[in-house]
Structure formats: C-alpha cells, structure tokens
Amino acid sequence: MTDDRELVAMRGITKAFPGVVALEDITFSLRKGEIHALMGENGAGKSTLIKVLTGVEHPDRGTIALEGKQVQVRSPQQSQALGISTVYQEVNLCTNLSVAENIMLGREPRRLGSIHWKKLNALAEQALGRLGIDLDVTQPLENYSVAIQQMVAIARALAILAVRVLILDEPTSSLDMQETARLFDVMRKLKGEGIGIIFITHFLDQVYQVADRITVLRNGKYIGTYDTASLSRVELVATMLGRNLSDLHAVAQAKVEIAPKAAHACVAEAKGLGLKGSLAAIDLSLNAGEVVGVAGLLGSGRTELARLIFGVDAPDSGSLSIDGQKVERFSPHESLKRGIALCPEDRKAEGIVGELSIRENIILALQARYGWFKVLNTQKQYEIAAQYIKLLGIRTPSPDQLVKNLSGGNQQKVILARWIVTQPHVLILDEPTRGIDVGAKVEIQKLVLDLVKEGMAIIFISSELEEVLRISQRILVMRDRKKVAEYAGDVNDQTIMHTMAGDL
Amino acid sequence: MAQRTKLFLLHHGPLLTTMAIFFLAYFIGGRLYPAMQKPQAFFNLFINNGPLLILGIGMTFVILTGGIDLSVGGVLALTTAASAALLQLGASPALVIPLMLVMGTALGCTLGCIIHFFKVQPFIVTLMGLFFARGMAYIISLTSLSINDPFYKQLALTQIPIPFVPKAYLYIPSLVGPILLLVAVYLAFFTRFGRTVYAIGNNEQSARLMGLPVGRTRILVYSLSGFCSALAGIVFSISLLAGYGQFASGIELDAIASVVMGGTLLTGGVGNVIGTLFGVLIEGTIISILQYNGTLSSWWTRIGVGVLTLIFIGIQSLFYVRRKHS
C-alpha cells in the first residue's frame, strides 16, 4: 500500500541555539501515503525538527529534499507554497473570525479585488465536507468547541492547494475518544489520497492505532526509524527513554505492596455532593493510604469533582466531611487549612509561576498556609527546596532556576512539591501527567504511590486509562457529569472503557 | 433561530449600545434645545467633527491590530502648518495636497517600520511621532499662518445642499469623512488587508503561523493612519483657513475615545469603523448640547466623554465575558 518513493528527505539536520544543540545530525524521511509518528520525550527535538521543515527555524547544516528535489525552506509561507501544512498543538487560529475565514484566510477567492464571500463560504464548507463535518461556517470560530476548532485547523491545512505533507503536532491532546477516532478516520482517508502525514503525540496507543512507521529522537539525536508492526511498545518506550524499564516494574511492584493493606480510616466523605449545571450528586469516600482513580472522557465532570472537593466551587446540594468534620464554608483557603490540596489540570494557567524560581514556587503554598506574616527564613526555604528537588528528582542545576526554563515534566514535579510540602491529608491530582514524557510520567506515578504509602489519600484524575489502572486501588468512572460506576483496582480496561462510553 | 439571535446580539451588543446612546443623547438634546431638532444641527456634527472622524477611521485600524497611534494629532497639526507655509510661498494646492498626503503616509510608514522591525511598543514610538510632528510644526512657524489661496477658500465656503432636506447643507471638506468611511468599510470587510488586520488583532502568533503577511499589514496600518492624519489636517486647514502647530491639541485622545466608544476593543481583533462613526457622533452631540446651552464650561465635554468611555469599557467587558461563557 505504501508508495516507496520518498516524499520528504531530511538529512544531517543540525540546529544549535545559544548554549544548547537542539538537533544534531537528524535524518528523517517521509513516504507518500504514510502516517509517520515522530516520537521522543520532551526536549528530544521533535518541535525543532518540525520548525525546520516548516521554515520557522533555519538549520545550521543539513539538507531537505522534497520528492527528490533539494529545497530551502525560508519561511512558513514558503513551506505552504511547497505543499507542507501544519496543525499545531494549540489551535492557532483566530477565534474572532468566522469558521470559513479561518479556513480560507490568505487564499480568499476574490472578484474584482474584493473578497467573494459567497464563494469563500462555499469553499470552506467543501473543505470541511472532505473531513465529514457540516456546520455553519459563517459563525465566529469562538462559538465552537476546541475539538471542532482542531478540525477547522486541519481543514485549513488541507485547503492549501496540492498539500503533500501534513504535520499534526499533538492534535489529540484536547480531544476526547470519539473525536480522536474521527480524526484518525480523517487521517486514514488522507493517507489513502497519497498525503504524507507526520504525527506527533505522547499517546502510545494512538501511535499503534494509526502510524505506519515511527522515528524516535532523543536529546536532539536521531535514534532510529522503525516499522510500527515490528517494534513492540516496550521496545519503543525503551528506545525513547534510552534506558530499561525497571522503573515501570517498580510502579507495579509498589502498587502490589500497598494493595494487601486493610483500608485505613476514612478521611473524606462526600454524600450527594453536587452543583447544578456542573456535577450531579455524587457519593465518594476516600481512605487514608489509598489512590482513587477517576476515569472519564473530557467534560465528563472529572475536573468539576476536583473543584467541588477543593472548594473552588461551592456545592448546592449534599455534604462533604473531612476527617469526620462537616465542611461549612467552601473556599480553597479553608481547604488548605484542612489539609486538602489540588494540583490543577492546566499547569501553565493555574499552577506554576514561570517567572519565579523553583524555590519560590515550592514555598508558595506553604507560605499561604502559614499566613503571609510568618515569613520563612531564606535558609529554611533553601533546605526545603533542596529536600524536594532531591525527593522528586527535579532535574535542575539549582533551586534558583526559573520554573519557565524547566521541561514540562519537571514543572509538574515542582507543582507537586509545592503541595506535598504542605503535607496534606488529601491530594487531588487533575491530569498530573498530561503533556509530559513517558519517563517523567513513570516517576510521577511512583511518587504518588510513595505518598500513599505514607498515609496520604490521593484522588488521581487522568485521561490515560492505563495510568489510572496502574496506580489506583479504586476507580470511579464519570460520564456526562455523573459518577456512573465504581470499580476495584483490578478491573480490566475493557470494562472501564465500555462504562465510559456508556454501553455497559 | 433564537440561538442565532442571541449570538448576534452578543456579537453586536457594543455597537448597538453605542448607536442607542447616540440616538438617546441626540433625542435628549433635541428636547432640551429645540434648535437641535433642525436637520442642519445634525449635519453640523459632520461639519464640526470631520477631522475627528477621519482620524478615528485610521485609528480604528491601528487599534484593531492591537496597536495605538498617538501621533495623529501631531501629524494633523504639522500638515496644517506645512500646507499653510507652502501656500503662502505660492505653491499650488494641486501640489500641496498630494505632497501632504505623501508626507503623512511616509511618517506613518516610518513609525510602523520602527514598531515592526525594532519590536518597540507602538505607544512609545507613536508618542515620539507626536512630539516630532508637533515640534516640526512649530519649527515651520511659531504663530498661526493664514491661508489665502482661492481654491482653499472656495472649498471652505461652497455649500452643498442636501437632497430632499430643505435648508440643509454640508461643505465639501465635510464629505471627506463619510466617503472615507465607505472606503474603510470596504477595506475592512472585503479585502485581504482588512481581514488580516482582524486576524493580527486576535492573535498575532496565529496570524503568522497561518502564513499571513503580519509585518506588511502592520506597517500598512500605520501608513494608513498617517495618511488619515494628513487628510484630517488638510480638512482642518481648509475649514479654518489657517495652519498652526497648536491646532487640535489632544485630538489623538478624542480619536481613541471615539474608537473605544464605538465598540472596538483596545486589545484588538474586535470592532469596526461604523462604531467609530457613532463614537464621533456621540462626542459631537455632547459638544453641541454644551454649545446650545451656552453657560456650561466646555470642559464638560471631556468629562462627559470620559464617563461615557468608562461606561462603554464596562459594557464591553460584560459582553465579552458573556460571550466567553455562551
């Protein structure tokens, strides 16, 4: 099925930024009608390689050939002209403009110099139709969901005349399962039309669902290109990490160690807790020394549950008791005092303060708990920071490093440290491993289990079923802003998936 | 359908509010001062506020990209002074007018280039533009220069009767604003340039990644504003038949206020020139009411505009929040 003629051939690509070599002698080839996954941990050089191909960055050395012809890609415009189109991780469209404009902007059909709106809208509908989507293209893009916006971005990418190469940079990170499936249908269809697709993702499952070949980068170096069929998952992970998988086994081992222990005292109990328009009444009990996993699709009410328990939103029905005491006033500040901590989903917007150092970020919550007038002395702060940097394995030259300079996984660890340092009884983790690489994921999972062993109760929310299953003693399944089931930790993933999908 | 109506209202709420406030203000003025009920009182708004409307149109494009242009008043004053000086030297209006327009455009283009290529804040670059242009106007003359050119005089004094409205008229220069407005609507909604302006204002990074000519568009927007400033200067010098560095001091702030009152977001990407027209008309109406009253200090205009602008900003964020939640 795959045409063996090379569509894109990148050879010897090297790119250095001040102080760091981002890409070193990278080889990459893409065939016609193939889906080629580009894999690697954060900082492996995937994004930089894509930027080189799309003309955003210029390589120091190396050549790019398109269908055998050498090309110089100097700008995004030029790469589009060559038939290379990109859909970025964050939807890069203009939400104030109509759907049709977002698809056609820069290539508007014109009549006597002025934009031919009727034709423009028709062309946009046609472009969406190719993806099997039908919607009112005259509405502003902001009226639609992120998933639709993503599809619009793809429609835009394809509306370029004679697109030959389509780059999808983490297109599924904000999509739910159904939407992802739909995207994959579209990808397969385009592949059938002979388009070469470069697919970047953190989800291993998805790679095995759609990719024909896999290229792995690590620390800016080319590791290899493999046929998906001939590379097992474990091998892939090992290749990406460049180390063996004893860590993964350690996680499984740690869970086994906890499992036999009898249930500890109940630390939090919700009875009929709910908020109109946000979450239907929910019962939940949480014991010390236990991880309760929350599985559910995007928008199933997972985050809403976390916000209610932490007191960001006040419930309008039911009750919540912490350590046997009924909660009367709901506010994050009260929750902190009671020993509840929430590590929010969107770490960039709600979690880290990028302009502050690691030390300052770690101290923030502790300081809030002490009150702003009891200042922790600097030496004490450094001690705490050093202790947690070591404990969590945060990779940094110094505790004074600004958090924005850390990789995603290390940023996540800093946020975790911030909450752990307050020694909460109940820790709510909302998507703690989202967008971080496999190695860091495993480290965070291990850390969660260590905390539980010390008697903490943890609510672990994640879109990755595998991860929830790996570390949870009990699993709540949410659907349509309701709790639909509760399972023991040894349930299989098929059962959960069917429950999430609502056909059980 | 109800959903569509709701979305329509949410999207056009600020503009509709501006229009409603204008009609309300004008109605109140008419009840208080019957002279304002005459058709000519309405057309006087265009005669008196022609330069402001022209500046406001250029400013709208600048603000739509998320920028600001403080140089417009300076360029206006420089244009009046320079054209008066040239006309006194005997230069032909056929030379002076195009020359002034080229000068304004070139100044705007220069500011745009500095903003784009050196990545300097538009606020500070155009503030320097304001100082430079007003300074140059005083270099040309420290006193007011009168214009005696017959062509200018003829333009200033020729009344154009309004069809179907008896005893109502406009002057030729006061037609410039409305005509420019039509051109601006066309530019904004029917050209790639206009749509790119909106795209940049919403998200510059996105616009760049979409392969749109961000730099060129931004420079063009400041050039357009410079062109409008010179045009406003020509209209100004015709109606006063004079040129002076002190003319229209602080008008850049009035222009910004009109744009904001017209529903254009200072952060860019949202708004349009029709709103700006109504912003200018509201400002004109307040001035008219104060003039008809005759006893109030003219500074009440500024206070009125200030309060209204604040209210508009409040209304805008209300609509914006509602939109985000819908």
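Proteins come first, then strands; the chains are lettered A, B, ... in the order of their sequence lines, and each starts at number 1. None of these values were measured; they are calculated from a predicted model.
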Enquirer: Got a salt bridge between B:Arg195 and A:Glu108, using NZ or NE/NH1/NH2 to carboxylate O under 4.0 Å?
Expert: no

Enquirer: What part of A:Asn102 is in contact with chain B, defined as an atom under 4.5 angstrom from a non-hydrogen atom: side chain, backbone, both or neither?
Expert: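 For A:Asn102, the contact with chain B is made by backbone and side chain together.
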
Enquirer: Applying a criterion of heavy atom separation less than 4.5 Å, what residues of residues 109-117 of chain A form contacts with chain B?
Expert: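 Listed by number, the contacting residues are A:Arg110, A:Leu112, A:Gly113, A:Ser114, A:Ile115, A:Trp117.
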
Enquirer: Provide the closest heavy-atom pair for A:Cys94 versus B:Ala199 in the form atom of the first, atom of the second, distance.
Expert: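 So the two residues come closest at SG-O, 3.3 Å.
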
Enquirer: Under a 4.5 Å heavy-atom cutoff, which of B:Asn202, B:Thr191, B:Ile200 has the most pairs with chain A?
Expert: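 Counting heavy-atom pairs under 4.5 Å, the top option is B:Asn202.
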
Enquirer: More than 12 heavy atoms of other residues, nucleotides or ligands under 6.0 Å from CD of A:Glu67: yes or no?
Expert: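 Result for CD/A:Glu67: enclosed.
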
Enquirer: Is it the backbone or the side chain of A:Leu97 that comes under 4.5 Å from a heavy atom of chain B, or both, or neither?
Expert: side chain

Enquirer: Which region of A:Ser98, side chain (C-beta onward) or backbone (N, CA, C, O), has a non-hydrogen atom less than 4.5 Å from a non-hydrogen atom of chain B, or is it both or neither?
Expert: neither

Enquirer: Is it the case that more than 12 heavy atoms not belonging to B:Tyr186 sit under 6.0 Å from its OH atom?
Expert: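 Yes, the 6.0 Å shell around OH holds more than 12 heavy atoms from other groups.
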
